[in-house]
Each structure stands twice: as structure tokens, then as C-alpha cells.
Amino acid sequence: MAAFDEKKEHPRSLTMCGHVGFESLPDQLVDRSIQQGFCFNILCVGETGIGKSTLINTLFNTNFEELESSHFCPCVRLRAQTYELQESNVRLKLTVVNTVGFGDQINKEESYQPIVDYIDDQFEAYLQEELKIKRALFNYHDSRIHVCLYFIAPTGHSLRTLDLLTMKSLDSKVNIIPLIAKADTISKSELQKFKMKLMSELVINGVQIYQFPTDDDTTAKINGAMNGHLPFAVVGSMDEIQVGNKMVKARQYPWGIVQVENENHCDFVKLREMLICTNMEDLREQTHARHYELYRRCKLEEMGFADVGPENKPLSLQETYEAKRHEFYGERQRKEEEMKQMFVQRVKEKEAILKEAERELQAKFEHLKRIHQEERMKLEEKRRMLEEESIAFSKKKATCDLFQSQTFMAAGSSIKKDKDRKKVDGTTVFCDCLSAKERVRLCVSPSRKDLD
Amino acid sequence: MEERQSPSPCSSRPSSPRTPPCEMFGSVGIEAVLDQLRIKAMKTGFEFNIMVVGQSGLGKSTMVNTLFKSKVWQSSVPNLELPMPQTLELHSVTHVIEEKGLKLKLTVTDTPGFGDQINNDKCWDPILSYINQQYEKYLQEELLITRQRHIPDTRVHCCVYFVPPTGHCLRPLDIEFLRRLCRTVNVVPVIARADSLTIEEREAFRSRIQQNLKTHCIDVYPQKCFDEDINDRLLNSKIREQIPFAVVGADREHLVNGRCVLGRKTKWGIIEVENMAHCEFLLLRDLLIRSHLQDLKDITHNVHYENYRVLRLNESHMLPRGPGWVNLAPASPGQLMSPGPGKVRKRANKDSREDEC
């Protein structure tokens, strides 16, 4: 029904004949930022006791609660602490991450890996939030590290291997500003040589440290000059010492007083100027636009996404994501099937085993029953025999008694008659002695009634 | 008007672990970050995209010219010579204007032919489609693996809707359009050609329109649910009382009392555009440019664009899966219409007036 037609013109400049009033736009932007508050995350890398916490205290003119770390940690850990600072109407959420135990181990091979992992974790968290469907990016507490202050020990010679390796592995992930710590232990001439040596070593080894931006007119000059002073030689102290008629932050030695904010003594003021007053916003932008994008690109490519498909046709993230999702679901389905089958099989096996056992038990039971039955029969048999015997015995006893009484009576009367009668009567004389035939004869003949 | 800004929604205090406030013993220089921000803003410049919608003859082009005090359109009456467009078309022009060292890239989209046909059914579809297309472009850029440092922002930040001065109430076309659009983009309704109404008629018309908007649950800019704190609420409720502004546009200058003012000359007098007693053009200009421009952009980015993104990313889940499943093609124009009522809600702190009435 309707077609729309966009005439895209090359944007041409327009002159206005009056005052429109949009020069208040930066103010609108600034007001919004004030409302939201600012976020700044600093990572301090350096060995224990080199002065990281003191420097942070001095930088922000506060005493953050930091406990002294011990030298005996088995591995490098990172400890992050967040503070809320407010200056006039600007609220700053400052997060300071300290490396605990860096350079203390005897075997330092794994020293820098925890740091790299921590930085990657923060990027990952942001990436996860960004990829969510329902996301809240404007509300998100940004924990990505904006700047890494690398504390180099003031040996006066050159970079140590550990420092070089750590900086090399961090330079593509975070903005590095190298500092020479405890600069009050180096004399001025040594310091110059040391700085040149350090910078040349960094350049030779291809370590990309943060360069203060020189593309904007207002800050180009000062940034350019500062770039030449890297690495900054810093001294930190929160103690106030009287110098002249002022109280200044300084470190007092028997041979003199090292003033922290004196440009002749150390580069602390330069560091504060560069880090906070001039380039804080640029550090945050570099972190987001360069380091985070690099991480994101690598991570997504690793996961298998690409901008251009196999035939050089532009592939949308969504298509790849959908394909992967489909694959994932298919995979999951398959696994579910597998597990189901395995489960069914196991159940069957178990059932079979149980059936087998049941059968065995049944057989045993039968067997036992049979044995029992047999025993019983045997016992029955024995009992019967015993009963028979006892009956037989009692019969014999009876006949024996009878015979005895008869013989007693026959002795008084005619013997012949008795003998005949005896023969005829068939009374048993002595059961055991008689043979079977005779016994039968005797039993056949009727027994006398009315014995005594 | 105060310079106090109405901030982006739901952003008052970023959610983060509870942190102890620290006392600083002296000034450190954190304030300087504001200047850094300013410098950065001046360098990158600003972008603003505005769309004007209304029937022909209501003075949209003149209004745009008056707002930016220049000939935004090459000819001040663009389609007198051409026949009336038979279908709705959208015309965009982009200009770079500079004031006091600050560059603003302004894109104005006009909609000739809106509401001019006999059957105006679904005349809002091309407009919605255009707006969603801009969101889509931005989304695609955002999803790239290698993305640009600064994604060009062509999303419509503000849509000014011209209500014809009938004096009665909102027409069905107006209501339908406003209902659909206020969910996708910031809409600022204005009463066009307000010089045909007297002051009393104007007030009556305004209150009837406000009633209509309330009845149909149309949430115009500044939306109530995005007010963060008491200051914003005060500021915005004053504005809300006066929406829709009664405006008159003019790009000719006349002499009044010795001053040169922009105005319309008629037989019975000169209507001064920048005179608050005559019309409320100044209020509109201040709202759009001087005080709420950043807020318009913020709400577009944080709310409308996010809503679109959620909808788009969820849509792909609704595709049927199975043996015939095919790769998701880039969204066809049919899919770019505004969602049906009740599907996607604004992300707001309070669940006020959620569902369609």
C-alpha cells in the first residue's frame, strides 16, 4: 500500500539566522553524568612493600583502610576494594585492585596469570551483560580495569624479567602507566639514565604502554610533554612535615626532607595531573573502545561467530547464534535419549539380577523343605518301629507272665494235661528262644481264657 | 526553564556493592573530569533525529524551519508544485548545524501524505516500519563482531505530532496513531496553526485532548514513569500540564515596535512566534532543544531501543523448530510492524498503567 522513500542527502552545512540554543547540549550531557556518577578502576601491580597503597592514599588524599600484606603468600591474589569519593558535586566510585604477593614466590612463573585472568573476568562479565536479552547496561557497575599502574623497583639498572613478562602480557588488555616507585632512593642523574634505559627496553620488546592523547588541541601540548617524562618517578607519603611555614606531605630523613608535591623532588604532581585531571575520561574510553572491543572480538570469534559467512555473504550474529542454539538443543535431546536408554537398560539388568536371586532362594527353600520332609519321614518311621517294638515287647511280657503263672498252677495239678494243654494253648514259653515256626504254632492255638 | 536535566530512566544510582564513603583531606581534581567530558562532547558532536507527522497544510515544514532558524527544506513549500502524493512517503534530510563551536547533525523526517487519503486505514504502518528499520540498523551494527567506534545513530529520537485545530477533541485517526506510536518512540503532540483558536478555545481544546490521552492510556513524552526524583517530577509535571503546546510557525520577519521578530502578518495583527502571550512555540523549542534533548536521546536508547531489541531477540525463539528448520533470515518488512497490544512493555520502575485499556 505505502512505500517510503528516503532521500539520503550528504549532510550539508546549514547557516542559521538566529540563536537556536543547543550550545547547552554539553551541559545536558554533563548533568546527566553527574546524576549517574562516575566509575574509575585502578589496578596496582608491584611487589609487596613497594608503596602501592601509600601512593593511592596520596593520590586521592585519603587514608583508605589497607592492611599491610605479608610476604608469605603462596600465590598471587588480587584484592579489590571500592570506595565512594565526592568532590563538590562529582561522585566517584573508585575501585582499587591490589596484587597481593606479587614477586614474593620463589618460582614466579605463575605470577602474572592471576592478573590477566582477573582483567579478562571483568571483560567477560561486561560482555555477558551486553549479550543478555533483557539487559541493564546503564545501571551496570562497570568493573573493568581502566588503568594499570605498574610499579618498577628502583634498582637503577634495567627492567627485571618478571616486569617485562608481566607488562608484555598485559599491554593489549589494559592501559599501562609504568612508575618508578620509591624514587627518593635514586639520585637525579641516575634517574635520568634509568628512565631512558627503561623506555628503550620497553620499546625494544614491543610493550605498548599508554600514550597520553595528543589529538585534541587543548591538551595536546601538555600531554605531549608528559609523554616524554614517562615512567614517572613517584614518592608517596601521607605524613605532614613542616617546611618553611607550611605543612606539606613529605618524607623526613636525617639528611633532608623529600617533598611529595615538589616537582623538583619527584613526578608525583605530574602523575596526578595526568591520571585524574586530564585523562581520566580518555582512559575510560580507551578501555571501552579498544581493549574491551578487542576482547569481545576475540571471544566471539573463539565461540565460532563471524561477520562473514562461507560464501562471503554477511552473516548475522543472530543466525550463527540460532544455528548454535539449534545444535545445542539437538545435542541436548540426544544426550537425554542416551541417558534414558541407559537408565532403562540398567533397570532391566537389575531386575534380571533380582529375579535370579529370587529363583535361587526359592530353590534353596524347596531343597530345605524336602530335606525336612525326609527327615520327618525317617523319624516317623523310627517312631513306628519303636512303637511296634514296644507293643511287641508288652505282648511278650504278658505272655511271659501268663506262662509263669500257668507253669506254677500246672505244677500243682496234672502235668500231662498241662503239657498238652500247654501244647494246645500255645502259650509262649520264652519268646526270644523260640524259633519262628514254633512261635507261629503257639500263637495259632487259642490262648486260654481266664488265666489266674 | 531550569537547566536541570531529566536523566535516563532507572539509572539514578548504579547498582553496585555497598561502599563506604571516604573523606578526602583536600581537593584532588576529580572535578576536572567534567571538563574532560565537555571537551570530548565538543569533539564528537551531537546527533538528533526528529520526525514530524501530520496532515498536509498544518505547517510542519514551516515549524521545522522556525525551530532551527534555517531553511531545512530546500523550498519552503515543498509540494505545492507537485501533485498531492497518492501514498504516504517519508522524506529525510540531514544537515549539520553549528553554534558556538558545537556541531549538531540534524536529521528531519517528513511524512507528506499522512492522513490525506480517503481511506487512512493503517497509514501509520510505513512510519512504524521506518522507525523500526532504524532500530534494526542500529541493532545489526551493535551485533557485529568488529564494530565501529561510534555507531551512527539514525534512530528517531522524537516524533512531533501535529493535531489539527478543530477545537473539539482528538479524532479517531489521531488516537489510533498516537496509541501505536507512543510505545515505540517519544511522541510530542502539538496543536498546529494555533492562531485559528482564541485563548479560551485553546485552553478548552487542550484540556479535552489531555482527557482523551488519559482515557486511551496514551503516554506521551515526558513519560511519567521515567521521572527519577522529585526535581524531575516537578519539572516534568509542569510540562505535562501544558502538553499539547499550541504552536505557530513562521519564517518571515516583521517589524514590531521597532524590533525584528519572526511572525505571521495578517490583516488584524502580527502573530509573534516567540511571544509567550501569542503562542507556545518557545515552550516547544525549549523542550526539544534546550533542556530535554539529551533526555530524549537517552529514553530512545535505553527504553525504546532495548524494547525493540528484546522483542527481536525473542522472536527468533518463536520460529518452529524441526526438520524443516532454516537459518533466521534478516527480518522481512512484515515483521517490522509494531507489536500487538500488550506484548512489549516499557521498562519502567513502577508498573503503572501497564496493560492496554
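Labels below follow one simple rule: chain letters A, B, ... track the order of the sequence lines, proteins then strands, and each chain is numbered from 1.
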* Do you know the tightest heavy-atom contact between Leu104(B) and Leu25(A)? ->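 For Leu104(B) versus Leu25(A), the nearest heavy atoms are CD1-CD1, 4.1 Å.
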* Search all heavy atoms of Ser24(A) against all heavy atoms of Arg290(B) and return the closest pair with its distance. =>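 Answer, listing the atom of Ser24(A) first, then Arg290(B): OG-O, 3.2 Å.
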* Against chain B, work out which of Ile276(A), Asp142(A), Thr95(A) has the most heavy-atom pairs shorter than 4.5 Å and name it. =>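 Counting heavy-atom pairs under 4.5 Å, the top option is Ile276(A).
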* Just give me the residue among Leu94(A), Asn89(A), Val90(A) that pairs up with chain B most often, heavy atom to heavy atom, under 4.5 Å. =>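 Maximum pair count with chain B is reached by Val90(A).
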* To do: State whether Glu285(A) and Arg149(B) are salt-bridged, where the test is any N-O pair (Lys NZ or Arg NE/NH1/NH2 against Asp/Glu carboxylate O) under 4.0 Å.
  =>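 Salt bridge between Glu285(A) and Arg149(B), a charged N being under 4.0 Å from a carboxylate O: yes.
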* Heavy-atom donor-acceptor pair, Gln294(B) side chain to Leu29(A) backbone, under 3.5 Å ->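 Not a single qualifying donor-acceptor pair exists.
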* Where do Glu293(A) and Arg147(B) come nearest, in terms of heavy atoms and distance? ->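 Scanning both residues completely, I find the closest heavy atoms to be OE2-NH2, 2.8 Å.
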* Contact summary for Ile30(B) and Glu87(A), nearest pair of heavy atoms ->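 Looks like N-OE2, 3.0 Å.
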* Asked: At a heavy-atom separation under 4.5 Å, does Ile39(B) approach chain A through its side chain, its backbone, both, or neither?
  ->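 For Ile39(B), the contact with chain A is made by the side chain alone.
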* Could you walk me through whether Asp215(A) and Lys43(B) pass the side-chain contact (heavy atoms from CB on, under 4.5 Å) check? -> CA-CA 10 Å; Asp215(A) 47 3; Lys43(B) 206 163 57 145; 3.7 Å; yes
* To do: State, to 0.1 Å, how close Cys277(A) and Ala32(B) come at their nearest heavy-atom pair, and which atoms those are.
  =>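 That closest heavy-atom pairing would be O-CB, 3.3 Å.
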* Would you indicate whether Lys103(B), at its atom NZ, is surrounded by more than 12 heavy atoms from other residues, nucleotides or ligands within a distance under 6.0 Å? =>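 Open: at most 12 neighbouring heavy atoms sit under 6.0 Å from NZ of Lys103(B).
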* To do: Select, from Glu31(B), Glu99(B), Lys297(B), the one with the greatest count of heavy-atom pairs under 4.5 Å involving chain A.
  =>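 Winner by heavy-atom pair count: Glu99(B).
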* Can Asp282(A) and Lys40(B) be counted as an ion pair, charged N to O under 4.0 angstrom? ->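 Looking at Asp282(A) and Lys40(B), the cut-off is not met.
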* Can you check whether Lys134(A)'s main-chain N or O pairs, donor with acceptor, with Glu306(B)'s side chain at less than 3.5 Å? ->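 Judged by distance alone, no pair lies under 3.5 Å.
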* Asked: Which heavy atom of Val33(B) sits nearest a heavy atom of Glu281(A), and at what distance?
  ->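 In terms of heavy atoms, the two residues are closest at CG2-OE1, 4.1 Å.
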